[in-house]
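Each remark here refers to the structure printed beneath this line.
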Amino acid sequence: MSAPRFGDYQNEIYLHGLEDRLPPFTTDLTALESSARERLEDGPFWYVAGAAGSGATARANREAFDRHRLVPRMLTGATVRDLGTTVLGQRLPAPVLLAPVGVQSIVHPDGELATARAAAGLGVPMVLSTASSHTLEEVAEASGEGPRWFQLYWPNDDEVCVSILERARAHGYSTLVATLDTWTLAWRPNDLDRSYLPFIRGVGTAIPFSDPAFRAGLATTPEEDVIAAVLRWVPMFTGTDKTWDRLPFLREHWDGPIVLKGVQHPDDARRAADAGMDGVVVSNHGGRQVDGAVASLDVLPAVAAAAGDRLEVLFDSGVRTGADVLKALSLGARAVLVGRSYAYGLAHGGEEGVRHVLRCLLADLDLTLGLSGHRSPAELGPDALHFG
Ligand SMILES: Cc1cc2nc3c(=O)[nH]c(=O)nc-3n(C[C@H](O)[C@H](O)[C@H](O)COP(=O)(O)O)c2cc1C
Ligand SMILES: O=C(O)C(=O)c1ccccc1
């Protein structure tokens, strides 16, 4: 088994102290948000940090993590660890992926290109959003040999949908993540109070605007008339009206694994399996869609039980620390996605900022896994947690 590679970031940081060097910004993964607050304008900050309605579900996501506690085991030989895992047949260096986060250029001009470079350098998969500020071809180039997945906001124009899927496959995106929970944006007071929606300003539209099938349906090019192009794209993307009987369409037009994101009910997991899907992301979109929805962590065990060995179960919403990753894995997730955390890293310092956040999270995960007495993610189960 390999050495605890990710945990070495701790030593690196301490050794920098000998040269009076400090980490680029905080290593406290729960303090990134307040630190980003000082760097971003109100609009972009609240767009990222904000949630639906009163924020009850965003808070519930965190409270659920706080309610669960690890029970460390001693003398297990966990000084040597391997965080590696297999997700949908792909070997990953750690059970962590970068969640799709749209319009990343609003927090840093390099946007998704910086994220792609940082992720690729660590071998961590990036899930590129349909609402990217850069084209999927540009992001593929920035990601190089790095693993990349593609998140679909399912356009209600089949030709545009197929064209985008074909481009993604042709550019090395291995896995499709179809997001089901955001067929329209929720009531988001943080954004409404500021009339702030980057999308309608023509940011986050690089993928449709560079798409031949989308452009063919426009009277003027997006370069000539950005408003007209946005007005065509927004209803196409927000007007999606899909039901379970449409899933064969995705299956037909994507020959890699397909994961449904936003599943919270065990019956929906069963339906996903029945429809021939390969996995689900248990997620409430970081509390950005249904305010009052149950914490994502609290539905994970039931969804994992319903999935059985028919579906790979991934998880997101509220993951901030290494311990959070351990808890989600112990409750049935194969891997987790992180959203806001790396977006704050991007806001702090582009590629270097994302790399710092990822290295902090992976080091924290590695150290907490070992100190809890486990050598690999595969060893985690309900036993690792305290109940009652
Ligand atoms: C600023 C922002 C933009 C997002 N954009 C997308 C998106 O384009 N597609 C998508 O499926 N999910 C999107 N999400 C949701 C994330 O993929 C993920 O579900 C969520 O951020 C996880 O919660 P966390 O932020 O607490 O880690 C977005 C989240 C944020 C914070
Ligand atoms: O803001 C979001 O949560 C989101 O998913 C999204 C939707 C449209 C464009 C960009 C991001």
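Read the numbers this way: they start at 1 and go in the same order the structure lists the ligands and their atoms. Quick caveat: nothing in here was measured; it's all calculated off a predicted structure.
In this structure, W233 and F237 have parallel ring planes: the angle between them is below the 30° cut-off, well short of the 60° mark. Note: F214 and F209 have parallel aromatic rings, judged against thresholds of 30 and 60 degrees for the angle between ring planes. Between F25 and H348, the ring planes are parallel. Angles under 30° get that label, and only those over 60° would be called perpendicular. Ring orientation note: the planes of F65 and F315 are nearly perpendicular, at an angle over 60° on the 30°/60° scale. Between W154 and F249, the angle of the ring planes stays under 30°, which puts this pair in the parallel group of the 30/60° scheme.
Between V48 and ligand 1, not a single N/O pair is under 3.5 Å apart. Ligand 1 has an N or O atom lying under 3.5 Å from an N or O atom of K261, backbone or side chain. Backbone and side-chain nitrogen or oxygen atoms of V319 are examined, and none is located within less than 3.5 angstrom of a nitrogen or oxygen of ligand 1. Remark: ligand 1 and A99 share no N or O pair separated by less than 3.5 Å (distance only, no angle test).
Under 3.5 Å, the side chains of N284 and T57 contain no donor-acceptor pair of N or O atoms.
R340 places no side-chain N or O within 3.5 Å of a backbone atom of E33 that could act as its donor or acceptor partner.
Within 4.0 Å of ligand 2, heavy atoms belong to protein residues Y47, A131, Y153, L185, R188, F199, F237, H285, R288.
Distances below 4.0 Å separate heavy atoms of S283 from the following atoms of ligand 1: 19 (O). Distances below 4.0 Å separate heavy atoms of Y47 from the following atoms of ligand 1: 1 (C). Near R320, meaning under 4.0 Å from one of its heavy atoms, ligand 1 places the atoms 24 (P), 26 (O), 27 (O).
The protein non-hydrogen atom at the shortest distance from atom 5 (N) of ligand 1 is G102 N, 3.0 Å. With hydrogens left out, the protein atom closest to atom 25 (O) of ligand 1 is R340 N, 2.9 Å, a heavy atom. With respect to atom 21 (O) of ligand 1, the closest heavy atom belonging to the protein is G339 CA, 3.7 Å. Here the heavy atom of the protein found nearest to atom 19 (O) of ligand 1 is D316 OD2, 2.8 Å. Scanning all protein heavy atoms for the shortest distance to atom 8 (O) of ligand 1 gives S129 OG, 2.6 Å. Ranking the protein heavy atoms by distance from atom 7 (C) of ligand 1 puts Y153 OH, 3.4 Å first. For atom 29 (C) of ligand 1, the nearest non-hydrogen atom of the protein is R288 NE, 3.6 Å.
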Trace of the side chain to side chain donor-acceptor pair (under 3.5 Å) decision for E137 with S210: CA-CA 10 Å; E137 291 82 1; S210 59; 4.6 Å; no
Check against side chain to side chain donor-acceptor pair (under 3.5 Å), R167 and T135: CA-CA 10 Å; R167 288 166 64 198; T135 67; 5.3 Å; no
Let's go through R5 and D366 carefully: what are the C-alpha distance in whole Å and the side-chain angles of both, what is the deciding distance for salt bridge (Lys or Arg N to Asp or Glu O under 4.0 Å) to 0.1 Å, and is it a yes or a no? CA-CA 8 Å; R5 205 160 47 98; D366 188 9; over 6 Å; no
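Note on D42 versus R37: salt bridge recorded, some NZ/NE/NH1/NH2 to OD/OE distance being below 4.0 Å.
Of all the heavy atoms in D324 and V319, the pair that sits closest is OD2-C, 3.8 Å.
Within the structure, ligand 1 lacks A343 among the residues with a heavy atom less than 4.0 angstrom away.
In T179, the part holding a heavy atom less than 4.0 Å from any atom of ligand 1 is the side chain. When non-hydrogen atoms are compared, ligand 1 lies under 4.0 Å from the side chain of Q151 (C-beta onward) but not from its backbone.
Relative to atom 16 (C) of ligand 1, the option among G286, P100, G50 with the closest non-hydrogen atom is P100.
Under the side-chain hydrogen bond (donor to acceptor under 3.5 Å, both in side chains) criterion, the residue pairs touching residues 111-131 are Q104-T115, E112-S133, S129-Q151, with sequence neighbours excluded.
Each of V325, L369, L29 was compared with D364 under the side-chain contact (heavy atoms from CB on, under 4.5 Å) criterion, and only L29 meets it.
In the hydrophobic cluster analysis, where Ile, Leu, Val, Met, Phe, Trp and Tyr join through side-chain heavy atoms closer than 4.5 angstrom, Y47 is grouped together with V230.
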